[in-house]
Amino acid sequence: MPDNSSTAYLSGLNDVQLQAVTNTDGPVLVVAGPGSGKTRVLTYRVSHLIKTGVKPYNILTLTFTNKAAREMKDRISIEVGPQANQVWAGTFHSIFARILRMEAEKIGYPSNFTIYDTEDTKSVIGNIVKELQLDKTVYNPNVIKSRISSAKSNLITPKLYEANEDLRTQDRMAKRPHTYTIYQKYVARCKKSGAMDFDDLLYRLYELFQKNPDGVLDKYRNRFQYVMVDEFQDTNQLQYAIVRKLVNYENSPRNICVVGDDAQSIYAFRGATIQNILDFEEDFKPHGIKVFKLEQNYRSTEEIVQVANEVITYNRRQIPKKIWSDKGSGQRIKLIRALTDNEEGKRIVDTILEQKNRSHLSNSEIAILYRTNAQSRIFEEFLRRYNLNYRVFGGLSFYQRKEVKDIIAYMRLVVNPRDEEALRRIINFPKRGIGASSVEKIAALAEANNETLWQSLPKVKVASRTKTALASFVKTINGLRKKLNTDNAYELTQRILEESGIGKLYKTDTSIEGMGRMENINSLMDGVKSFVDEAGAEFDADNQPDISLTTYLQNIALHTDLDDEEKSGDYITLMSVHSAKGLEFKSVFIVGLEEKLFPSFMSMDTVEGLDEERRLFYVAITRAEQFLTLSYANSRYRYGRMQYNEPSRFLEEVPRDYLENTSSISSRKINQEPNPSGASVKGFFKKPSAATRIDPKNFHPNDSSEIQAGMNVLHLKFGKGKVLSIEGGEANRVATIFFKDLDNPQKRIMLKYAKLQILD
DNA sequence: GTTGGTATCTGTGGA
DNA sequence: AGATACCAAC
């Protein structure tokens with residue numbers, strides 16, 4: 001037993017936290033409400049393990065963001081010192097990528113495989129769609145991508161997909177019968193290119209464990225004696241399957257601890273399922289699972305906690321728990337109603353100034369949270385105008401900028417010449433006379449010979465001028481590759497800039513744009529430089545410090561702009577609600593609370609979708625410590641058009657007693673019209689038909705009691721329709737109406753809320 | 001093959 | 001509104 005001084009850290013924990021920290025052996029589920037000290041429990045648990053003699057390299061902790069992982073490592077090292085660096089703490093993607101680097105050859109990948117990002121993935125799909133001569137509006141790469149992604153997340157291989165009648169029928173119904181073929185080709189092409197997409201980092205590891213060549217699985221079972229998973233509610237089937245492989249086997253000690261909160265599950269769209277928490281309980285029940293519930297909130301005032309509790313009760317199922325705070329009473333929740341998006345921006349920033357003055361808040365204690373990244377612009381404008389320092393997170397990250405991606409494409413091709421997307425990107429950049437038709441010839445030859453573009457490139461039959469250009473391109477890349485083992489990342493990148501001609505291209509560009517690009521390239525170079533200077537410290541005992549370009553690429557592939565080192569300075573945070581998860585601020589502004597925006601129109605057509613939006617709202621509310629401000633605008637510009645939206649239904653779920661301004665919000669009518677067919681809403685956005693061009697001035701709705709079956713009616717948004725039937729009595733009459741102008745014409749409408757004009 | 005201008009499309013969240 | 005695809009003219 002360690003002496004008192006080394007267990008002193010445990011005294012700062014409450015009873016349940018202490019239990020969760022010290023019950024280290026056997027399966028544990030921690031249900032942790034917002035602000036309940038979840039990170040604390042996890043880090044103390046790891047420290048506790050190490051202090052009681054567990055080797056740090058036998059501990060694996062999986063998180064969702066690099067930031068969470070880094071924070072954890074930092075906090076562990078405060079307790080146990082530098083050996084914290086030997087803990088396997090990282091994101092699912094980064095830890096798995098690291099294992100795959102070591103084992104990739106066992107499943108037919110090169111160890112220096114490329115990681116395809118979203119753009120690469122879409123581009124590959126786009127190319128396949130083109131080659132198959134399919135209509136890319138029907139086979140929208142975004143749609144196909146998400147189908148492929150969810151197939152992989154549910155352990156459905158192309159073979160299984162082919163045999164899966166449900167999926168095939170769905171595709172046929174959606175007029176995309178060839179989705180299966182694209183999936184199959186996509187997988188083959190990634191493999192040929194020596195590339196893994198984000199899902200592959202999970203899927204291929206599962207494959208590795210499943211096939212278990214050379215007993216590789218035992219090696220990792222043995223290495224990871226203690227496994228912890230953060231944000232377990234956000235794991236998908238595939239992730240849980242991998243975790244099970246690692247800990248759930250005959251004679252395993254099953255030292256697994258998962259931490260999660262069903263109320264904060266907000267990633268169903270990428271395959272996460274709350275079912276995993278429920279399954280976890282079942283799966284480990286026979287092995288003496290212990291469940292701990294952290295219900296005390298240490299973050300927020302009573303008002304904020306109560307509002308969050310109340311809002312979440314509108315969801316259907318949840319793990320029963322009652323979050324409470326002893327922080328006492330604070331400010332009521334403020335609601336800002338604005339007429340336009342612009343006014344919303346101004347009034348939010350006014351309120352920020354007021355709060356700063358009255359309550360002496362610093363910028364870093366303030367966050368503006370929105371549903372979509374596109375909403376940041378207006379707030380940026382006002383913040384700039386008022387001279388307030390701010391920083392926008394999300395949106396496109398540094399590494400996704402065009403000029404940066406170009407250079408990274410060179411790096412990628414040098415490291416892995418099979419990388420098809422990198423090759424396509426730079427084969428004619430800077431311009432060297434190799435146009436689209438030449439690239440297509442190369443691609444066709446590669447497809448015919450079942451080889452990579454790089455292999456086909458020297459053999460293709462093209463005009464002699466193109467031939468020369470191709471040869472010179474190959475020579476440049478090969479020359480750079482020769483330096484891979486001798487140059488460090490920085491030296492080689494400099495060489496790339498020089499020999500590719502990119503350096504020259506931008507140096508001679510004196511336009512404002514060009515200078516901005518040059519600036520970005522310089523920051524990239526700075527980044528590479530600091531990687532080279534600092535890399536040594538990043539690696540554990542069993543890894544040599546490595547400052548090669550190969551390693552640099554691996555480091556940045558999973559980088560997001562949330563991971564950028566805390567830039568110095570005191571700034572207001574602007575980010576999506578999704579990226580705010582896990583963070584806290586003294587004052588939080590949740591903006592754009594309007595129907596079709598928050599909740600998003602993409603999620604409004606199902607109860608599940610709405611529940612997830614509501615959990616998202618719950619996450620947003622619980623970020624706040626003291627001040628919470630909600631806002632909406634009656635109109636805003638979206639897609640270049642003015643749009644009028646009703647206030648969000650979520651506002652009605654906020655108990656009035658906790659609102660600062662008690663003048664009722666229901667004086668403004670909140671639209672609760674059920675919207676059973678989301679497809680038609682999407683259709684409405686996509687092709688504004690005649691139905692959308694009704695002039696409101698000529699629209700005179702009748703009283704809903706007059707509506708009868710068989711009538712022809714006019715709806716402001718849906719256009720002309722025929723009432724097919726009416727059900728329900730008096731107050732709750734629901735009409736089924738056929739709107740001929742909609743993609744999905746049959747709608748059920750609550751007459752109480754609908755505005756309909758009788759035509760005859 | 002390249003250029004520059006116009007038409008068209010698209011549109012949540014993020015590792 | 002902004003990005004991208006497409007197309008005619010060089």
Side-chain angles (χ1 to χ4, degrees), chain A residues 62-69 90-97 115-119 121-123 126 130 136-137 140-143 145-146 149 153 196-202 231 234-236 238-239 265-272 341 369-375 377-378 393-397 399-400 402 428-440 462-463 465-466 469 556-563 575-581 592 596-604 609 612-613 615-616 619-620 636-643 678 681-682 684-687:
Chain A
L62 297 168
T63 61
F64 274 84
T65 63
N66 295 313
K67 189 164 188 268
T91 63
F92 280 90
H93 290 85
S94 70
I95 296 278
F96 293 179
I115 296 173
Y116 274 175
D117 67 13
T118 312
E119 240 183 277
T121 296
K122 280 195 255 184
S123 161
K130 200 185 247 174
K136 68 174 177 319
T137 55
N140 178 326
N142 273 316
V143 175
K145 189 194 89 170
S146 81
S149 173
S153 307
M196 297 198 199
D197 65 18
F198 290 133
D199 299 310
D200 284 330
L201 293 178
L202 314 180
E231 309 277 16
D234 288 332
T235 54
N236 61 32
L238 177 51
Q239 286 163 318
S265 162
I266 55 175
Y267 283 104
F269 73 91
R270 64 180 194 211
D341 47 0
L369 308 181
Y370 33 74
R371 179 64 181 81
T372 67
N373 286 314
Q375 286 164 259
R377 213 203 70 235
I378 291 175
F393 295 83
L396 87 156
S397 93
Y399 295 103
Q400 291 171 306
K402 202 164 276 157
N428 197 30
F429 180 84
K431 299 239 152 42
R432 49 173 74 87
I434 306 169
S437 60
S438 302
V439 175
E440 256 168 46
V462 284
R465 196 147 56 122
T466 316
I556 62 164
L558 298 169
H559 181 285
T560 69
D561 74 335
L562 293 176
D563 303 326
M575 58 169 53
S576 69
V577 181
H578 278 94
S579 26
K581 187 154 76 150
K596 296 181 187 166
L597 184 58
F598 199 173
S600 156
F601 71 96
M602 300 284 284
S603 315
M604 287 174 73
E612 175 145 318
E613 295 286 315
R615 290 192 294 267
L616 198 53
V619 167
R636 72 172 61 240
Y637 274 100
R638 261 181 114 185
Y639 320 139
R641 297 209 154 274
M642 180 74 93
Q643 235 183 49
V681 172
K682 281 175 235 167
F684 171 66
F685 275 99
K686 269 186 192 139
K687 51 167 193 189

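Remember, it's a predicted structure, so these values are computed and weren't measured experimentally. Naming convention: chains lettered A, B, ... in sequence-line order (proteins, then strands); numbering from 1 in each chain. These numbers come from the heavy atoms of this one structure, side chains and all, not from hydrogens, waters or symmetry mates.
Among the protein residues, A:Ser438 comes within range of the sugar-phosphate backbone only, with heavy atoms under 4.0 Å from sugar or phosphate atoms but none that close to a base. Counting non-hydrogen atoms under 4.0 angstrom, A:Tyr267 reaches the backbone sugars and phosphates but no base. At the heavy-atom level, A:Asn142 lies under 4.0 Å from the strands shown only through sugar-phosphate atoms. Residue A:Lys581 is out of contact with every strand shown, counting any heavy-atom pair closer than 4.0 Å. The residue A:Tyr637 sits apart from the nucleic acid: no heavy atom pair falls under 4.0 Å. Note on A:Asp117: nothing from the nucleic acid sits closer than 4.0 angstrom, heavy atoms only.
A salt bridge is absent between A:Glu119 and A:Lys122; no separation between the charged side-chain nitrogens and carboxylate oxygens falls under 4.0 Å.
Proximity of A:Asn373 to the phosphate of B:dG14: a side-chain N or O atom is located under 4.0 Å from OP1 or OP2. OP1 or OP2 of C:dC6 sits under 4.0 Å from a side-chain N or O of A:Lys136. An OP1 or OP2 oxygen of B:dG13 is reached within less than 4.0 angstrom by no side-chain nitrogen or oxygen of A:Ser579. In this model, the phosphate group of B:dT2 is approached by a side-chain N or O of A:Asn428 to a distance below 4.0 Å at OP1 or OP2.
With both ends at atom P, the span from B:dG11 to C:dC6 equals 16 Å, rounded to whole Å. Taking the C1' atoms as reference points, B:dG13 lies 23 Å from C:dT4, given to the whole Å.
Nucleotide B:dG14 holds its P atom 14 Å from the CG atom of A:Asn66, rounded to whole Å. Remark: C1' of B:dT12 and CZ of A:Arg615 are 15 Å apart, rounded to the nearest angstrom. Atom NZ of A:Lys130 and atom C1' of C:dC6 are 11 Å apart (whole Å). Rounded to whole Å, the distance from CD1 on A:Ile266 to P on B:dA15 is 11 Å.
A:Tyr399 places none of its side-chain heavy atoms less than 4.5 Å from the side chain of A:Asp117. Taking 4.5 Å as the limit, every side-chain heavy atom of A:Thr65 sits out of range of all side-chain heavy atoms of A:Lys581.
Ring planes of A:Phe269 and A:Tyr267: tilted class, angle from 30 to 60°.
Closest approach to the A:Thr91 side chain among B:dT12, B:dG1, B:dA15 is made by B:dA15 (side chain taken as heavy atoms from C-beta onward). Out of C:dT4, B:dG14, B:dT12, the shortest distance to the side chain of A:Ser576 is found at B:dG14. When each of B:dT12, B:dA15, B:dG14 is scored by its nearest atom to the side-chain atoms of A:Phe269, the top-ranked nucleotide is B:dG14. Comparing B:dG13, B:dA15, B:dG1 by their nearest atom to the side chain of A:Arg270 picks out B:dA15.
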- Query: Are A:Lys136 and A:Lys130 close enough, and set up right, to give a side-chain contact (heavy atoms from CB on, under 4.5 Å), and what steps lead you there?
  - Reply: CA-CA 7 Å; A:Lys136 68 174 177 319; A:Lys130 200 185 247 174; over 6 Å; no
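Take the nearest nucleotide of DNA chain B for A:Ser600 and for A:Lys431: the residue whose nucleotide is more 5' is A:Lys431.
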